[in-house]
J.: 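Pasting in a structure now, in structure tokens, and then I'll have a few things to ask.
All values below were derived from every heavy atom in this structure, side-chain atoms included, with hydrogens, water molecules and symmetry-related copies excluded.
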Amino acid sequence: MAHGHKSDEKIVYVGDSRIRKTGGDKPVPPDYTSFPGKSEAFIPNFLLKEWMAGVVILVGFLVLTIAEPAPLGYPADPLNGSFIPMPDWYFLFIYQLLKYPYASEDYIVLGTIGIPGLAFGALLLAPFLDTGKERRFYRRPIASSMMIVSLVASIYLTWVSWHHYTGELEKNGVIPEHIERELKSEEQIAAGKGRFVYGKEEVVALVKADDPAFSIMKEAQCIACHGAELEGSNAPSLRGIGDTLSKEELVETITNGKADGAMPSFKDDLTAEQIDQIATWLSEQKAAAAEE
């Protein structure tokens, strides 16, 4: 049915809209909504959905890396022949790939740049190469096959790398550094000496290492300067500080800091009760008390 006074006026149907054909030779492009489920505008519709899916995956990946952080080993020692280097778990598949002859030695450029570059390049060009309108994965054999092969290869290489690593540890009777560190820390805490500090085994032990005051100091970021175990880092060690400063002097230092700016004031960050609790605990950090 025509609209207006001209009965011969041509009507072009686009989806649920009825738009009169405009003049000129340029055809009116069809609205993609005319083909529900089969076509979609790449920008912004398709691109926005893919971006959102990528964000969800990235957030999940970051949560995994935070939940399972890289273990803390000892400082690098080139004379330690028993050390078996290992990258973070999410790089294990690439680490294993570089062990194969065709991706290392004479082909190291292929393994480090060629293969990863090809994989990421294909991922970048996927929207331009896979232009089919079909959405079901089983009707997109090329794209689906590449994705499945990549996923299986990553999982397999990760498993092989970890299996080989654990086998080498067992074969050589080596305890990983981060596990050895935890075991030694548990032993020292049970003995009332505080956590194990590599390279500073002779430092004065902590008195009452499980005191709540230590947790308050961690929250106040005191460990950023004084070390994770108060062994001294960018600031002096607080182990045995009770032999040097009294409780009153500690309260004054924590509250107002030092005039030279070596230590900031914490009167705005901690309550008077918290400062008193920390000062009381630090005043008990004495060499004689630690030896008992």
J.: Starting at CD1 of Ile94, measure out to OG of Ser161 and round the result to the nearest 0.5 Å.
T.: 11.0 Å

J.: What's the separation between atom NE2 in His163 and atom CD in Glu168, rounded to the nearest 0.5 Å?
T.: 10.5 Å

J.: Are the side chain of Ser265 and the backbone N or O of Thr255 linked by a donor-acceptor pair below 3.5 Å?
T.: yes

J.: With sequence neighbours excluded, what pairs up with Arg139 under the side chain to side chain donor-acceptor pair (under 3.5 Å) test?
T.: none

J.: Between CD of Gln96 and NE2 of His164, what distance do you get to the nearest 0.5 Å?
T.: 7.5 Å

J.: Could you grab the distance from atom CD1 of Ile278 to atom CG of Leu270, nearest 0.5 Å is fine?
T.: 5.0 Å

J.: If you count the non-hydrogen atoms of other residues, nucleotides and ligands that lie under 6.0 Å from OH in Tyr156, is the total more than 12?
T.: no

J.: Mind listing the closest non-hydrogen atom pair of Ala213 and Trp281 along with its distance?
T.: CB-CB, 3.7 Å

J.: With a 4.5 Å heavy-atom cut-off, do His226 and Met217 have their side chains touching?
T.: no

J.: Can you tell me how far apart CD (Gln274) and CZ (Phe266) are? Round to the nearest 0.5 Å.
T.: 11.5 Å

J.: For the CE atom of Met263 and the OG1 atom of Thr253, what is their distance to the nearest 0.5 Å?
T.: 6.5 Å

J.: Applying side chain to side chain donor-acceptor pair (under 3.5 Å), can you list everything that pairs with Glu252, at least two apart in sequence or on another chain?
T.: Asn256

J.: With a 6.0 Å cut-off (strictly less than), is the heavy-atom count around CG of Leu58, excluding the residue itself, greater than 12?
T.: yes

J.: So Ile142 and Met146, do their side chains get closer than 4.5 Å, heavy atoms only?
T.: yes

J.: Is it true that Lys184 and Glu180 make a salt bridge, defined as a side-chain N closer than 4.0 Å to a carboxylate O?
T.: yes

J.: Which hydrophobic side chains are connected to Trp162, either touching it within the sub-4.5 Å cutoff or through other members that do?
T.: Phe61, Leu64, Ile84, Met86, Trp89, Tyr90, Phe91, Leu92, Tyr95, Tyr165, Leu169, Val174

J.: Applying side-chain contact (heavy atoms from CB on, under 4.5 Å), name anything that partners Leu245, two or more places apart in sequence or on another chain.
T.: Ile241, Glu249, Leu250

J.: Only pairs under 3.5 Å count here: list side-chain donor-acceptor contacts from residues 106-119, not counting sequence neighbours, and write none if there are none.
T.:
residue: Thr112; atom: OG1; partner: Ile108; partner atom: O; Å: 2.8

J.: Can you pull out every salt bridge (Lys or Arg N to Asp or Glu O under 4.0 Å) where at least one residue sits in residues 262-279? Sequence neighbours excluded, please.
T.: Lys247-Asp276

J.: Are Leu48 and Val59 linked, directly or through intermediate hydrophobic residues, by side-chain heavy-atom contacts shorter than 4.5 Å (ILVMFWY only)?
T.: yes

J.: Side-chain heavy atoms under 4.5 angstrom apart, residues restricted to Ile, Leu, Val, Met, Phe, Trp, Tyr: same cluster for Ile155 and Trp159?
T.: no

